[in-house]
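Please read these numbers as outputs of a predicted model, since none were measured by experiment.
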Amino acid sequence: MATSINSSWKLGTKMTALVVDDDSINQTIHHRLLEQLGIENQVARNGKEAIDIHCSGKKFDLILMDRDMPVMNGIEATRKLRAMGIRSMIAGVSTRCVKQEIQEFMEAGLDDYQEKPLTSAKIISILHKIDHSGSISY
């Protein structure tokens, strides 16, 4: 079982994440991986739901954003979140591996990109890019 990443996060405050994916299997996998790392998380089924959740006042340290979803895709949702001033770490997650498609997703405002399937190791590598003050370190 993975160890909790929260032990050193912001002097004991719980890290939070939003999983944005239309596939219920991926939702479950990503939700459980985050839980195993001690990260509280919520699921949204598309980019519009992610925007609506943020408009309701919720904030997250990490957003795992799928690229291809109905209603609003990950590229559009990422652009809108950044335009709203959202500074959370946004990691794109997709099965796409064509360099141009990944670049388009990154240019929308991603901080990181990981190819599916996600693993604990991939999530930990994303989390290491967030420093303890809550800002992104490169």
Give, for atom CD1 of Ile90 and atom CE of Met106, the distance between the pair rounded to the nearest 0.5 Å. 11.0 Å
Between Ala17 and Leu34 the two heavy atoms that sit nearest each other are CB-CD1, 3.8 Å
Which pairs with one or both residues in residues 18-28 pass salt bridge (charged side-chain N to carboxylate O under 4.0 Å, His left out), sequence neighbours excluded? Asp21-Lys116
Closest approach of Ser120 to Gln36 (non-hydrogen atoms, all atoms of both residues): OG-OE1, 4.4 Å
Side chains of residues 73-81: which donor-acceptor partners sit under 3.5 Å, not counting sequence neighbours?
unit_1 : atom_1 : unit_2 : atom_2 : d
Asn73  : OD1    : Ile75  : N      : 3.0
Asn73  : OD1    : Glu76  : N      : 2.8
Thr78  : OG1    : Gly74  : O      : 2.7

For the NE2 atom of His128 and the CD1 atom of Ile123, what is their distance to the nearest 0.5 Å? 12.0 Å
Which residues pass the side-chain hydrogen bond (donor to acceptor under 3.5 Å, both in side chains) test with Gln27, not counting sequence neighbours? none
Side-chain (Lys59) to main-chain (Ile86) donor-acceptor, under 3.5 angstrom: no
Do side-chain atoms of Arg67 reach the backbone of Ser94 as a donor and acceptor pair under 3.5 angstrom? no
Applying side chain to side chain contact (heavy atoms under 4.5 Å, CB included), can you list everything that pairs with Lys58, at least two apart in sequence or on another chain? Gln42, Ile53, Ser56, Phe60
Val98 with Met69, same ILVMFWY side-chain cluster at under 4.5 Å: no
Determine whether Leu127 and Ile39 make a side-chain contact, defined as any pair of heavy atoms from C-beta on separated by less than 4.5 Å. yes
Run the side-chain hydrogen bond (donor to acceptor under 3.5 Å, both in side chains) test against Gln103 and tell me which residues pass, sequence neighbours left out. Glu107
Filter on ring pair (Phe, Tyr, Trp, His ring centres under 6.0 Å), then keep only pairs touching residues 82-108, sequence neighbours left out; what's left? none
The test is side-chain contact (heavy atoms from CB on, under 4.5 Å); show your working for Ile126 and Met89 and say whether it passes. CA-CA 8 Å; Ile126 295 167; Met89 161 72 77; 3.9 Å; yes
Any ring pair (Phe, Tyr, Trp, His ring centres under 6.0 Å) involving residues 76-104? Give me the pairs, sequence neighbours left out, ordered by first then second residue. none
For residues Ile63 and Ser88, report the shortest heavy-atom separation together with the two atoms involved. CD1-CB, 3.9 Å
Heavy-atom side-chain proximity of His30 to Val93 below 4.5 angstrom: yes
State whether Lys129 and Asp112 are salt-bridged, where the test is any N-O pair (Lys NZ or Arg NE/NH1/NH2 against Asp/Glu carboxylate O) under 4.0 Å. yes
Quick one: do Glu49 and Val20 satisfy side-chain contact (heavy atoms from CB on, under 4.5 Å)? Show the steps, please. CA-CA 8 Å; Glu49 281 188 15; Val20 187; over 6 Å; no
I'd like to know if Arg45 and Asp66 make a salt bridge, using a cut-off of under 4.0 Å between side-chain N and carboxylate O. no
Of the non-hydrogen atoms in Ala50 and Ala44, which two are nearest, and what is the gap between them? N-CB, 3.9 Å
Hits for side-chain hydrogen bond (donor to acceptor under 3.5 Å, both in side chains) against His31, two or more places apart or cross-chain, chain-then-number order -> Glu35, Asn41
So do Met84 and Cys55 actually touch side chain to side chain, heavy atoms under 4.5 Å? yes
With sequence neighbours excluded, residues passing side chain to side chain contact (heavy atoms under 4.5 Å, CB included) with Thr119: Ala121, Lys122
Salt bridge (Lys or Arg N to Asp or Glu O under 4.0 Å) for Asp111 and Arg87? Distances and angles first, verdict last. CA-CA 10 Å; Asp111 299 300; Arg87 297 301 316 141; 5.2 Å; no
With sequence neighbours excluded, tell me which residues meet ring-ring contact (aromatic ring centres under 6.0 Å, His included) with Tyr113. none
Say whether Ile51 and Val71 are linked into one hydrophobic cluster, either directly or through other cluster members, by side-chain heavy-atom distances under 4.5 angstrom. no
What do the steps show when you test Gln114 against Leu64 for side-chain contact (heavy atoms from CB on, under 4.5 Å), and what is the final call? CA-CA 9 Å; Gln114 295 291 331; Leu64 296 177; over 6 Å; no
Leu62 side chain near Leu18 side chain, heavy-atom distance below 4.5 Å: no
Checking Asp52 now: which residues fulfil side-chain hydrogen bond (donor to acceptor under 3.5 Å, both in side chains) with it, not counting sequence neighbours? Lys48
